[in-house]
Amino acid sequence: MKIIPGPASKQLGEKVAEFLGVEAVPLFFKTYPDGESYVRLEGKVQNEEVAIVQTTSPPQDTRLIQLALIADAAKRHGAKKVTAVVPYLAYARQDRVFLQGEAISIETVAHMLKVAGIDSLITVNVHQAKVLAKFPFPAKTISAISLLAEYFKQKGFEKAFALAPDDGALWLAEEAKSVLSGECGYLEKHRDLYTGQITIKKKKLEVRGKTVIIFDDVISTGGTIASAAKIMKETGADKVYAACVHPLLIGDAEKRILESGVEEIVGTDSIQSHVSKVSLAPLISNALKEHKSG
Ligand code: R5P
């Protein structure tokens with residue numbers, strides 16, 4: 001197998017290649033003055049199985065096109081199988097028709113990737129795993145929550161309370177609990193489908209005097225974590241931390257979260273930023289090993 005680190009995940013892709021002890025195929029890329037993307041493989045992929053590592057955080061449309069162009073280039077130059085490793089899968093949250101007249105964006109994206117030459121896909125903590133069953137090629141999601149929980153355990157936060165901001169994320173808190181050996185629970189969140197405004201209801205949870213770590217798949221505007229953190233502080237939590245797999249951190253999200261009383265935000269290199277304190281490289285490497293032998 002060879003790894004092609006895409007422009008959006010160069011560092012992570014190179015780390016994965018290093019973990020696996022395989023070649024990272026260099027890639028030249030540029031953006032034309034009119035905004036179009038260009039890619040060129042600078043290594044051989046003839047008769048190889050290749051894995052393209054390319055996250056699709058903003059600018060997501062450009063990064064999706066780059067991924068498609070790399071897949072096309074790989075197939076065109078003889079790669080026998082192309083796996084896309086897309087840590088943050090853009091459009092995954094529009095996974096059904098919520099309001100009359102909408103598209104199911106993630107299905108459209110999957111079909112575009114198939115046409116480009118992608119044969120299978122691995123992503124990390126996709127919003128709803130069931131959406132992958134509708135992809136036109138084998139697709140799976142792996143979870144980085146244990147790695148995030150391990151980070152906190154190493155910092156001495158064993159027995160911390162793992163909190164999910166909504167019931168859909170409860171399994172994330174349960175996964176964290178299995179590492180931290182404390183308690184876990186969830187809050188009840190409602191999002192207005194027209195305005196995007198979220199409200200989280202207060203709930204009685206046994207967090208008084210405890211350290212609470214809020215686990216979520218994505219931090220986008222920070223509204224979810226900030227509201228959950230405020231509720232935890234009002235309920236008597238001693239310290240509140242935030243952990244997420246995909247730190248999109250749009251606009252003033254970080255400021256908003258820190259102002260709500262959160263001590264530290266911890267994310268992964270799914271999206272490289274100064275909060276990326278946990279690397280996905282070992283997780284992705286194992287998944288690719290299993291994928292190859294499977
Ligand atoms: C949504 O259900 C996700 O799991 C996250 O809670 C959400 O995307 C976070 O968005 P924001 O940071 O804008 O509240």
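Only this structure's heavy atoms are used, side chains among them; waters, hydrogens and symmetry mates stay out. Residues take their numbers from the sequence shown, with the count starting at 1. Just so you know, ligand 1 is whichever comes first in the structure, and atom 1 is the first atom listed for that ligand.
Residue contact check: Lys189 has heavy atoms under 4.0 Å from atoms 1 (C), 2 (O), 5 (C), 6 (O) of ligand 1. Close contacts between ligand 1 and Arg191 involve ligand atoms 7 (C), 10 (O), 14 (O) [criterion: under 4.0 Å to a heavy atom].
Under the 3.5 Å distance criterion, the side-chain polar atoms of Gln94 are matched with a main-chain donor or acceptor of Ala103.
Seen from the ring of Tyr186, Lys203 counts as a face-on cation partner, given the 6.0 Å and 45° thresholds.
Of the protein's non-hydrogen atoms, Thr224 OG1, 2.5 Å is the one closest to atom 14 (O) of ligand 1. Looking only at heavy atoms of the protein, atom 8 (O) of ligand 1 is closest to Arg93 NH1, 2.8 Å. Among protein heavy atoms, atom 5 (C) of ligand 1 sits closest to Asp216 OD2, 3.3 Å. Protein heavy atom nearest atom 2 (O) of ligand 1, with residue, atom name and distance: His127 CE1, 3.1 Å. Regarding atom 9 (C) of ligand 1, its nearest protein heavy-atom neighbour is Val218 O, 3.4 Å.
Ring planes of Tyr241 and Phe157: tilted class, angle from 30 to 60°.
When heavy-atom distances to ligand 1 are checked against a 4.0 Å cut-off, Asp217 comes that close only through its side chain, counted from C-beta outward. Counting heavy atoms closer than 4.0 Å to ligand 1, residue Thr221 contributes atoms from both its backbone and its side chain.
A donor-acceptor pair shorter than 3.5 Å can be found between the side chains of Ser120 and Thr83.
In this structure, Ala169 has no heavy atom closer than 4.0 Å to ligand 1.
The pair Asp95-Lys130 does not meet the salt-bridge criterion, since no charged nitrogen lies less than 4.0 angstrom from a carboxylate oxygen. Classification of Asp252 and Arg256 as a salt-bridged pair fails, no side-chain N sitting under 4.0 Å from a carboxylate O.
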Glu234/Lys230 under salt bridge (Lys or Arg N to Asp or Glu O under 4.0 Å): CA gap, chis, key distance, verdict:
CA-CA 6 Å; Glu234 286 163 16; Lys230 275 185 203 146; over 6 Å; no
